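Okay, so here's the structure we're looking at.
Quick note on labels: first sequence line is chain A, next is B, and so on, each numbered from 1. It should be emphasised that the depicted structure is a prediction, and the values quoted were computed from it without experimental measurement.
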Amino acid sequence: MNTFYITTPIFYPTGTPHIGTAYTVFIADTLAKYYAQKLGSDNVLFLTGTDEHGGNIAKKASELGVTPIEYVNDYAERYKRIWSGLNISNSYFIRTTNPEHEEFAKELIQKSFDNGDIYEGTYEGWYCESCESYYSEEDLIDGKCPNHPTKLPIFTKEKNYYFKLSKYSDWLLNYIEENPEFITPIKWREYVKSLIRERLKDIPVTRANVSWGIEVPFDKSQTIYVWYDALPNYLSYLNFKDSLEKDYYNRFWGNSVHVVGKDIIKFHAILWPAMLKSAGYPIFKKLLVHGFFTVNGLKIGKSNNNAIDPLELGEKYTNDAVRYALLSEFQIGNDGDFSIERLESKYNGELGNNFGNLLNRVIHLANLKDVNLHEDIEIDKDVSTYISTIENEYINNIESFKIFEAIQNVSELCSFGNKYVNDKKPWEITDTNELKSVLITLRVLLEKVIELYSPIIPDSSLKASNALKNQEKIILFPKLELKS
RNA sequence: CGCGGGGUAGAGCAGUGGCAGCUCGUCAGGCUCAUAACCUGAAGGUCGAACGUUCGAGUCGUUCCCCCGCCA
């Protein structure tokens, strides 16, 4: 693999991004930074953006007395500002109102139509305006939307076009069996398989009464419903005029990874591959599914007043500490919990004491003993063996998207360094060569720690790297006073 | 039976059949180069409950109890 392409879902701009949104983006950003380091940044693409069509957007806009495009322009800027404030390294920010995207979405649905996979039908059933989703009678709970128990769905009868999703069941099941790496972690692959075995139904992919959307090319009275509008963003960007000039489609599509939350796994693991197959495209390479976390044991939301603004949190604790706290707390794919207490504990302990303090111990000792850390000498063999072992584990982990485990590897390396200092007692060593060997061994270890940490805590790693280079002390994570 | 996740040391989490682990906290030592940091040792678990499969179960099966999430 000589390129890497990673995407986040495109966000629906009806709410402000919160710590949960940021989590998805942190995962993608960490992997993007890792591969940029490994393959060179020219060989990595990282895409995020906003999903800007649909009835809810039009409704929100009209409530605010603005046009839909004004509304989404404002939101797109808001998202961009937040990601840039968090130093997210996305190569491009895609918006579904981009004319090149709209053109691509039309071509895609037209291809499926031409292949006979899209047929005209009449939809009769329940529609929840809040979800912008259709429900069958048995989906409803006491006649109410399963996601919005206070809302009454509307009985709808309208002409729609359907996609023959059912046709792709066997093919998809086979594909998943034959490509065990396609959906990860494993438990989500098993979940998807069970969904497919339960039976796939054809689904409506156009709407008759939503004007804020992309026109259906083969029936101008309809607009494209979310699936054929939002999902193609991952591919449309590679086919923009600028992208084609850079050969992006050929270089990147074969190495594409979609990061998604567990709530939208069906659309990414089932519908999107079927859409691609139908339109004659090869399907994306991997789907990385992450779980959800609660904040202080409560789900994120306005009702719990815990929809934390990641930027504010970053200003207080540093961006690095925020992403570190999330990525090191639970494995990708699992659910977890996030709290300020845990963030502070990790900040002081794992980042400050274990990593930051080790950096300072070494630099300070070298300065005290007047040792040049950058002299090129042979280092302690046992240590260099240990470093390679850890590095290999780290690479295995991060390339299987196990960021949680990879962080533990680096943490172990720091602990090893601290123990090494204690064992060797460099402050007592009088022999110059021995002293040099110990301290320079530690410098090499620290360089590796910094390298391995840099996708995870990029700002601190850069500072650490400069401090080590200049052999000047730096307090990376000033101690937080904790209320007991 | 709506769908799904989970119940492992005081707290937070690993551990998909083979001697129960990690981080934090607690207690006791050591060190004194460092952000009162670091190192060592100890205490602390009948792995939610019961039954079953197995030479062997935290791990597989069945039943039950309890938490939690469901527009990232």
Could you give the distance separating B:C19 and B:C47 at their P atoms, to the nearest angstrom?
16 Å
Atom CG of A:N357 and atom C1' of B:A37 are separated, to the nearest Å, by 4 Å
Would you mind telling me which of B:C24, B:G5, B:C13 lies closest to the side-chain atoms of A:K262?
B:G5
Let's see if you can work this out: which of B:G6, B:C33, B:C13 has an atom nearest to the side-chain heavy atoms of A:K187?
B:G6
Could you check whether A:L476 gets within reach of a base, just the sugar-phosphate, or nothing at all, counting any heavy atom under 4.0 Å?
base
Check whether the ring centres of A:Y92 and A:Y237 lie less than 6.0 Å apart, and answer yes or no.
yes
Can you identify which nucleotide, out of B:G4, B:C39, B:A72, has its nearest atom closest to the A:H290 side chain?
B:A72
Counting side-chain heavy atoms from C-beta on, which of B:C13, B:U32, B:A72 comes nearest to A:F293?
B:A72
Taking B:G15 as the reference, what is the distance to B:C60 when you measure between their C1' atoms (whole Å, please)?
16 Å
Among the candidates B:C38, B:U35, B:C13, find the nucleotide nearest to the side-chain atoms of A:F404.
B:C13
Options B:A72, B:A14, B:C33, nucleotide nearest the side-chain atoms of A:N334
B:A14
Base, sugar-phosphate or nothing for A:G356? Non-hydrogen atoms, less than 4.0 Å.
base
Using Watson-Crick geometry (N1-N3 plus N6-O4 or O6-N4) or G-U wobble (N1-O2, O6-N3), each under 3.5 Å, B:C64 is paired with B:G48
Name the nucleic acid region contacted by A:K479, choosing base, sugar-phosphate or nothing; use a 4.0 angstrom heavy-atom cut-off, strictly under.
base
What contact category does A:N353 fall into here, base, sugar-phosphate, or nothing, at under 4.0 angstrom with non-hydrogen atoms?
sugar-phosphate
